[in-house]
Number of protein chains: 2
Amino acid sequence: MLRLSKKVEYAILALQFISNKDDKFATAKEISDSLEIPFEFLSKSLQTLMKKGILESQLGVRGGYQLARSPNKITIQEVIVALEGRSGLVDCTYKKSNETCDKIETCLLKNPMAVLQNRINSIFKQTTIAQLSGEVKN
Amino acid sequence: MLRLSKKVEYAILALQFISNKDDKFATAKEISDSLEIPFEFLSKSLQTLMKKGILESQLGVRGGYQLARSPNKITIQEVIVALEGRSGLVDCTYKKSNETCDKIETCLLKNPMAVLQNRINSIFKQTTIAQLSGEVKN
DNA sequence: CGATAATACGATTATTTTAGTCGCATTTTA
DNA sequence: TAAAATGCGACTAAAATAATCGTATTATCG
Ligand code: SF4
Ligand code: SF4
């Protein structure tokens, strides 16, 4: 509980890798080898990030992935939402709107949880890919 | 991902319930009925909280549970640690010391993750049972 | 043109974690 | 001494996560 999924952790590692490596495209193979991440598993995440506009891809032989925008414009929160589609400490703070709790009318924990959720979210919104490596480098 | 387990959510609900109800002991049955939580499942958590010094229990017929200390001295973080034994966004921030990642030497994400982890933890450390209901009451 | 190196994508399986249940023992009180 | 409660350990069920497989498509380069 309160864990980042491997999907997200790998994606963040990959984005950091791509961000650090300046030259044009990084291939999924290169990333997975370098970071010791399962290739197929990573690939799917990269494809998702591409569809969500966080990465750009180039098909074919000299292909690969690159960031779709500056790393300081990519937040961890965006990555989480792109890959998980939602995020929520409890049912009533899930973003997928059909996932609401049946105790929601009477529950005294609902509001306090919403507050906590906002605080958590703001942490991930504040953190960008650039900051991850940047704090040492810059 | 990034979810509170039911175990913890139920426990927080229960602590809130016990805190709101002033008269001596609350029974597990009473709590589980009132909050619509599986009795057996809740009981185990209450027993754990008791062993960890967050609740006090009274055996036998007029028995039940009460807070071991003032609700403003019980943090959500304590409850999480009591029930989960650990908490960590990623392997390298787990508190169970044997759960360390084999990439830990080279990983560029380790330090940034530790920072995030601290921020998350501090949110849960700052939040007490008293605050949950208290914000309206006090 | 055709081999090759790459992404794209859906389906499936395996593993782990979470959630919930069961049965029985113990304690206390009326 | 019956009843109402907690205490505990083992077990099972369900869901989420992690990983794999198979195949199609696309682009480059010789
Ligand atoms: S409404 Fe209450 S019980 Fe339902 S998910 Fe939110 S906090 Fe949990
Ligand atoms: S060391 Fe890096 S890869 Fe290992 S758990 Fe920590 S962040 Fe993840």
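Atom set for the values below is all heavy atoms of this structure, side chains included, hydrogens, waters and symmetry mates excluded. Labels below follow one simple rule: chain letters A, B, ... track the order of the sequence lines, proteins then strands, and each chain is numbered from 1.
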query: Are more than 12 heavy atoms from other residues, nucleotides or ligands located less than 6.0 Å from atom CZ of B:Arg62?
result: no
task: May I ask you to test the A:Leu13-A:Phe17 pair for a side-chain heavy-atom distance under 4.5 Å?
output: no
Grab the N/O contacts between the protein and nucleotides 4-6 of chain C below 3.5 Å, and write none if there aren't any.
none

task: Check the distance between D:dA4's C1' and B:Phe25's CZ and give it to me in whole angstrom.
output: 14 Å
- request: Return the value, rounded to whole Å, for the distance between atom CD of B:Gln66 and atom C1' of D:dA5.
  value: 15 Å
field: A:Leu108 backbone acceptor or donor facing B:Gln16 side chain under 3.5 Å
entry: yes
statement: Test side chain to side chain contact (heavy atoms under 4.5 Å, CB included), reference B:Leu116, set B:Leu89, B:Asn121, B:Leu109, output is B:Leu89
task: Starting from the C-alpha separation in whole Å, work towards a yes-or-no answer on side-chain hydrogen bond (donor to acceptor under 3.5 Å, both in side chains) for A:Ser133 and A:Asn20.
output: CA-CA 8 Å; A:Ser133 340; A:Asn20 284 341; 3.3 Å; yes
query: Taking atom P of C:dT28 as reference, at what distance in whole Å does atom NZ of B:Lys24 sit?
result: 14 Å
statement: Rounded to whole Å, the CE-C1' distance (A:Met1 to C:dT16) equals 17 Å
task: Could you tell me the separation between the CG atom of A:Leu4 and the P atom of D:dT17, rounded to a whole number of Å?
output: 11 Å
Atom-to-atom span, CZ of B:Phe39 to C1' of C:dG20 - whole angstrom: 13 Å
task: Determine whether the aromatic ring centres of A:Phe41 and A:Tyr10 lie less than 6.0 Å apart.
output: yes
field: Steps toward salt bridge (charged side-chain N to carboxylate O under 4.0 Å, His left out) verdict (A:Glu78, A:Lys73)
entry: CA-CA 10 Å; A:Glu78 271 184 284; A:Lys73 293 270 187 276; over 6 Å; no
field: Residues A:Thr75, A:Gln126; criterion side-chain hydrogen bond (donor to acceptor under 3.5 Å, both in side chains); working and verdict
entry: CA-CA 7 Å; A:Thr75 69; A:Gln126 281 164 22; over 6 Å; no
- request: Salt-bridge test for A:Lys110 and A:Asp91: reply yes if a basic N is under 4.0 Å from a carboxylate O, no otherwise.
  value: no
task: For B:Ile31 and D:dA4, give me the distance from atom CD1 to atom P, rounded to whole Å.
output: 18 Å
- prompt: Between A:Lys21 and A:Glu30, is there a side-chain N and carboxylate O pair less than 4.0 Å apart?
  reply: yes
field: Contacting residues from residues 6-16 of chain A, given that a heavy atom lies under 4.0 angstrom of DNA chain C
entry: none
message: Given 3.5 Å as the limit, does a donor-acceptor pair link the side chain of A:Ser34 with the main chain of A:Ile31, or not?
response: no
- line: B:Glu36 atom CD is separated from C:dA19 atom P, nearest whole Å, by 18 Å
- prompt: Heavy-atom contacts under 4.0 Å between residues 40-57 of chain B and DNA chain C, which residues?
  reply: B:Glu40, B:Phe41, B:Lys44
